[in-house]
Amino acid sequence: MSDKPIIWTISGSDCSAGAGIAADLRTGHSFGVEVCTISTANTTQNSKQFYAVNATDIAILEEQAQALLEDKFPRVIKIGLIANDKQAKWLYNLLKDLKARHDILVVYDPVGQASVGGVMSTANQAFSTGFYPYIDIITPNLSEAQNITGETDTTKQAKAFKQLGISTVIIKGGHSDDDSCTDICYHATDNIGDNGEHVYCLSSDKINTRYSHGGGCSFASAVAACLAQGYLVRDAITLAKAFINQGLHANLGKMEHYGAFEQTQFPTNPAMFPRVVDNIQQRFSQLPAFKPLNLSPNQSLGIYPVIGSIEWLEKLLPLNFNIIQLRLKDKSQATIEAEIKRAVELAKDYPNTRLFINDYWQLAITHGAYGVHIGQEDLLDTDLAAINRAGLRLGISTHGCYEFLLAQQLQPSYLAVGAIFPTKTKDMTGQIQGVQTLTHLLSLKADIPVVAIGGISIERAPSVWQTGVDSIAVVTAITEASDYVEASKVLQGITGVGE
Ligand SMILES: Cc1ncc(COP(=O)(O)OP(=O)(O)O)c(N)n1
Ligand SMILES: Cc1nc(C(=O)O)sc1CCOP(=O)(O)O
């Protein structure tokens, strides 16, 4: 049996194979998941016209579901066409039962009308909403959101969906007349990975092509596949958007014919990824780039010790590191200020070691540190303009492609990616990237050094360094080593920097 994650698609079959189950299968395979199908209808359509929906009997839907439950249990269910009220009721019962007993995510792409015209579902909207409380993510376009909620304003539409119990609402802007295509994302709760309310837009230039039949189904199944692969919701949505851009771009300029959306491979081309617009990006979008790390050509940062006291700083400064971070936790304000001041003084004797201060950006400015390191959750409370004006370098933590793209737009001096492995230094539950995602993020990087952090031991460091990352940040690999000097030398030997 395959060890790939399984998703189900409960959707209609399109005989022209552009949309519905055919699109879901191709998309799922592009993202490395197994896709099982429960076919709600045999639809008759082509690129010019929609002819007929032949809805599947409830008994057959139930047979398919029971067969799959026996040995193809899903991590995520993607729902598309629900052809009538009977099917909506059957779906309500299925989801109610499954969600009561299992941790399954449900993504729903409402399908009411065919793009070529023609009603696909006779399900009464008020009745269909019965199964909405079991949906985690809904992906309507603007007009679908309007038809379902009766609201024209996207914030009100999102609120209406949230009131029905859906935690994440993505209103797709692909059908708008603008030059850009902006999807608005509302994360309403923290039950699927993100913390609290988070509203953001993913925006891309419009791609000129009519090969988009099945694009909506493909977006939702890409989100489902990414969730099944363990990505956070915001990363799943970002990857799905890049996948759609990539597929549209494959048929750029083809305007004569309404063609099938082309499912290509897992997206790695940075040009296909959207711009992230949220309140952090809006607040700081006008800032000039932060100063670079003044490395000479071909010089790498190498090992980056992150340490929690002046004592550790005194021990490590003589060991020839290009960069060190003072990360003070659980200390009084007076101690913190005294230690930052002292750290900056000590570092003056080691001009090749760049001293970064974690979190305390005002004190870093006041005492003239080389740079500051800021976590994503602290970005909104940090005056990045003040850091920029003061000429301090800036490092930003990122966890996944959404945060990576967002932070990269701020043009910091370096980006950190974590946690690469589970770590006992900090709770990073749900945010473990692995070497594969690190490699993927490196393919999206602009000309900004990338630091890997989290659970990197001497044994794991070679596989991380082989990704081509510019630096490896470590806490316990040095501070808990039986011989920190020896551990530092071994780590430096792995990177070939500072030996
Ligand atoms: C190089 C590097 N990367 C990530 C972090 C984590 O910073 P942050 O998100 O601010 O979390 P805390 O360090 O405050 O726990 C870091 N310090 N250094
Ligand atoms: C401080 C920190 N930040 C992380 C992030 O992913 O942002 S992981 C991490 C802990 C790093 O410690 P160790 O090397 O002992 O695993």
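Every value quoted in this text rests on a predicted model; they were computed, and no experiment measured them. Ligands are counted one by one from 1 in listed order, and the atoms in each one are counted from 1 as well.
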What residue and heavy atom of the protein are closest to [atom], and at what distance?
atom: atom 8 (S) of ligand 2; value: Gly454 CA, 3.7 Å
atom: atom 17 (N) of ligand 1; value: Gln325 OE1, 2.8 Å
atom: atom 14 (O) of ligand 2; value: Val475 N, 2.9 Å
atom: atom 1 (C) of ligand 1; value: Tyr304 CE1, 3.6 Å
atom: atom 9 (O) of ligand 1; value: Ser397 OG, 2.9 Å
atom: atom 2 (C) of ligand 1; value: His373 CE1, 3.3 Å
atom: atom 11 (O) of ligand 1; value: Lys426 NZ, 2.6 Å
atom: atom 7 (O) of ligand 2; value: His399 NE2, 2.9 Å
atom: atom 13 (O) of ligand 1; value: Arg327 NE, 2.6 Å
atom: atom 14 (O) of ligand 1; value: Lys329 NZ, 2.5 Å
atom: atom 4 (C) of ligand 2; value: Ile453 CG2, 3.9 Å

Close side-chain approach of Thr398 and Gln431, heavy atoms under 4.5 Å: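 Of all side-chain heavy-atom pairs linking Gln431 with Thr398, none is under 4.5 Å.
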
Minimum side-chain heavy-atom gap Leu316-Tyr484 below 4.5 Å: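 With C-beta onward as the side chain, the pair touches.
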
Answer yes if the side chains of [X] and [Y] hold a donor-acceptor pair under 3.5 Å, and no otherwise.
X: Asp470; Y: Ser300; answer: no
X: Ser218; Y: Gln263; answer: yes
X: Thr264; Y: Gln246; answer: yes

Looking only at heavy atoms, what is the nearest atom pair of Ser488 and Leu319, with distance?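 Distance-wise, the nearest heavy atoms are OG-CD1, 3.7 Å.
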
At under 4.0 Å between heavy atoms, is it the side chain or the backbone of [X] that contacts ligand 2, or both, or neither?
X: Gln431; answer: neither
X: Lys424; answer: neither
X: Thr425; answer: side chain

Short list, please: which atoms of ligand 2 are under 4.0 Å from a heavy atom of [X]?
X: Ala419; value: 6 (O)
X: Lys426; value: 1 (C), 2 (C), 3 (N)
X: Arg327; value: 1 (C)
X: Val474; value: 14 (O)

Using distance alone, determine whether Thr423 and ligand 2 share an N or O pair under 3.5 Å.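 Yes, Thr423 has an N/O under 3.5 Å of an N/O on ligand 2.
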
With only distance considered, is Thr476 within less than 3.5 Å of ligand 2 through an N or O on each side?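 Yes; the residue has a nitrogen or oxygen that sits under 3.5 Å from a nitrogen or oxygen of the ligand.
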
Is the distance between the ring centroids of [X] and [Y] less than 6.0 Å?
X: Phe273; Y: Phe243; result: no
X: Phe266; Y: His440; result: yes
X: Tyr132; Y: Tyr108; result: yes
X: Tyr186; Y: Tyr200; result: no

Any atom of ligand 2 sitting under 4.0 Å from a heavy atom of Gly455?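 Yes, Gly455 has a heavy atom closer than 4.0 Å to ligand 2.
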
Work out whether the distance between some heavy atom of Gln376 and some atom of ligand 1 is less than 4.0 Å.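 No, Gln376 has no heavy atoms under 4.0 Å from ligand 1.
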
side-chain contact (heavy atoms from CB on, under 4.5 Å), paired with Phe404, selected from Ile396, Thr437, Val417: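 Of the listed options, the one satisfying the test is Val417.
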
Please say which of Ser203, Cys181, Cys185, Pro267 ends up in a side-chain contact (heavy atoms from CB on, under 4.5 Å) with Lys241.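 Running side-chain contact (heavy atoms from CB on, under 4.5 Å) over Ser203, Cys181, Cys185, Pro267 with Lys241 returns exactly one hit, Cys181.
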
Please check whether Gly375 reaches ligand 1 - meaning an N/O of the residue sits under 3.5 Å from an N/O of the ligand, judged on distance alone.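 Between Gly375 and ligand 1, an N or O pair is found under 3.5 Å apart.
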
Considering both backbone and side-chain atoms of Tyr414, is one of its nitrogen or oxygen atoms within less than 3.5 Å of a nitrogen or oxygen in ligand 1?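 No, Tyr414 has no N/O under 3.5 Å of an N/O on ligand 1.
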
When you look at CG of Asp483, are more than 12 heavy atoms from neighbouring residues, nucleotides or ligands closer to it than 6.0 Å?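 More than 12 within 6.0 Å, yes.
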
Atom NZ of residue position Lys99 - does it have more than 12 heavy atoms of other residues, nucleotides or ligands inside 6.0 Å?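 Buried by this count: over 12 neighbours within 6.0 Å.
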
